[in-house]
Amino acid sequence: MKAIPVAENIWWVGAIDWKARYFHGHTYTTKRGTTYNAYLILDEKITLIDAVYGPFTDEMVQRIKSVIPAEKIDTIIANHIEPDHSGAYPELLKLCPKAKFYGSARAGQGLERYYHRKLDFTPVKTGDKLKIGKRTLRFIEIPMIHWPDSMMTYLEEDGVLFSNDAFGQHYATNERFDDEVPRETLMEEAAKYYANILWPFSHLIAQRIDEIEKLGIPIKMIATSHGLSWRKDPAGIIAAYKRWSVHTTVPKIVIVYETMWGSTAKMARKIAEGIADAGVTHEVYDIAQTDRTEVIYDMFEAKGYIVGSSNHDSGVLPNMVSFMEFLKGLHPKKRIGCAFGSYGWSGIAIKKLEETLKESGVEIVQPALSVVYAPDESQLAACYEFGKKMAELVKKG
Ligand code: FEO
C-alpha cells in the first residue's frame with residue numbers, strides 16, 4: 001500500500017474501509033464505506049496529521065513506510081480523539097515512541113482516558129503556531145464540531161486546511177479529491193454526513209466558519225479526515241456548510257411512520273395523496289423497512305415533517321421510538337410538523353409522537369389526527385385534507 005501525494009511533500013497515508021456499513025456504533029449506515037484520512041508532511045520535523053481507526057493501523061503504517069521509515073515521525077497532530085482517528089496511536093507509538101503530540105487541551109485529557117497512558121502532549125489553542133521546518137502549522141479549535149476536543153490545523157505555506165471531520169463524507173474510494181468523483185455523489189454523501197452527524201451543531205458551525213473567514217487565510221485545499229478532499233472547489237463545500245448551518249429548507253414534506261396492521265400505513269398514503277394534489281414534493285417512509293440514515297438525509301432540507309405510528313402497549317411502535325429519539329438529538333430548526341396514527345383503546349402513541357416532535361424543535365402546525373382501529377371513508381377524507389393543509393403551510397415557507 002502506497003502513500004498518495006496531496007501536494008509537494010504532503011502525503012495521504014490513510015486507510016480505505018470498503019466494508020464499513022455502520023459508523024458510530026449502528027447509528028449511521030455507510031452504504032459506500034468510508035476512509036480514515038491521515039496526512040504525512042515531510043519537513044525538518046516529520047509530521048503526521050491525525051491517524052486511522054485501530055484495525056487499519058497496518059494499512060496506514062505501510063503507506064507511511066512507502067515514503068519514509070515510520071520511526072522518523074516526530075510530531076503528531078491530534079485534531080480529534082475519536083477512535084476512528086486516534087485508534088492507531090498505541091501501535092504507532094511502538095514505532096515512534098518519542099513522537100510529540102499536539103492538540104487541544106481536551107484532546108490531551110481525552111487521549112489519556114482512551115489509551116490509559118501518558119503521552120508527550122502539548123496543548124495548543126486557536127492562533128498558536130508550530131514551526132516544523134520550512135512550514136508552519138496554525139491551530140484552530142472548533143469545540144463541539146463535533147466533540148469538545150475537535151480542532152483544525154492550517155498549513156500556512158501551502159494553504160491546506162486539515163479540517164478533520166468537518167467537510168468530510170463517508171465515501172470509500174481510491175480517489176482522493178473532489179474533482180475525481182461524480183459531484184452529485186460527493187455532495188450527497190457530504191450532506192448525509194452533515195445531516196446525521198453535524199446538524200445539531202449548526203449554530204457553532206456558522207460561527208466557526210465566520211471566524212475562519214475573518215482570519216483571511218487563503219484556503220487552497222481542504223484535506224478532510226473522511227472521504228474526499230476538496231482541492232478543486234473548497235469554496236463550494238464551505239458555501240454548502242454555510243447554507244446548511246442556517247437551516248435552509250425547501251418546500252418538501254417527509255412522512256415517516258410505522259404500522260402494525262396497516263391502518264397507519266393507509267392513513268399515510270391518503271395524507272400523501274393530499275400533499276401530491278397540492279403540488280408539493282414529498283416522500284413516504286415506513287421506518288421499520290427503511291434505513292434511518294437515508295431518511296434523515298431526505299428530511300435534511302425538507303420544511304415539513306409528518307410522523308405517524310400505531311399505538312403499541314403504552315406508547316409508540318419501537319422502530320418509530322428509535323427514529324424519534326434520533327431526530328430529537330439532531331434538533332432540526334425552522335421546520336413544521338404534525339402527527340397521526342391509529343389505536344384500539346389508548347391513543348397515547350399519537351400524543352407521544354407529537355410531544356417528541358415538539359421537543360425536537362419542530363413547530364406543530366395542526367392538531368394530531370387519529371383513528372380507532374381502521375380509517376373509514378370519512379376519516380380517509382380527513383387524512384387527505386390533513387396532507388393538503390400541511391402542503392399549503394409548507395408552500396408559505
Ligand atoms: Fe471521524 Fe468524530 O470522528
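All values below come from the heavy atoms of this structure, side chains included, with hydrogens, waters and symmetry mates left out. What you see is a predicted model, and the numbers here were worked out from it, not measured in a lab. Just follow the structure's listing: the first ligand is 1, and inside any ligand the first atom is 1.
- Distances from atom 2 (Fe) of ligand 1 under 2.8 Å pick out these protein N/O/S atoms: His80 NE2, Glu82 OE1, His146 NE2, Asp165 OD2.
- Side-chain atoms of Arg335 and Tyr305 form a donor-acceptor pair, as typed in the model, at a separation below 3.5 Å.
- Grouped with Val124 in one hydrophobic cluster are Ile4, Val6, Ile10, Trp12, Ile16, Trp18, Tyr39, Ile41, Ile49, Ile77, Tyr102, Leu130, Ile132, Leu137, Phe139, Met151, Leu155, Val160, Phe162, Phe177, Met221, the linkage being side-chain heavy-atom contacts under 4.5 Å among Ile, Leu, Val, Met, Phe, Trp and Tyr residues.
- Sorted by first then second residue, the ring-ring contact (aromatic ring centres under 6.0 Å, His included) pairs that include residues 320-377, not counting sequence neighbours, number zero.
- Side chains of Thr34 and His170: a donor on one and an acceptor on the other come within 3.5 Å.
- The residues Glu273 and Lys270 are annotated as salt-bridged, a charged nitrogen and a carboxylate oxygen being separated by less than 4.0 angstrom.
- Contacts of His24 classified as ring pair (Phe, Tyr, Trp, His ring centres under 6.0 Å), with partners at least two apart in sequence or in another chain: His146.
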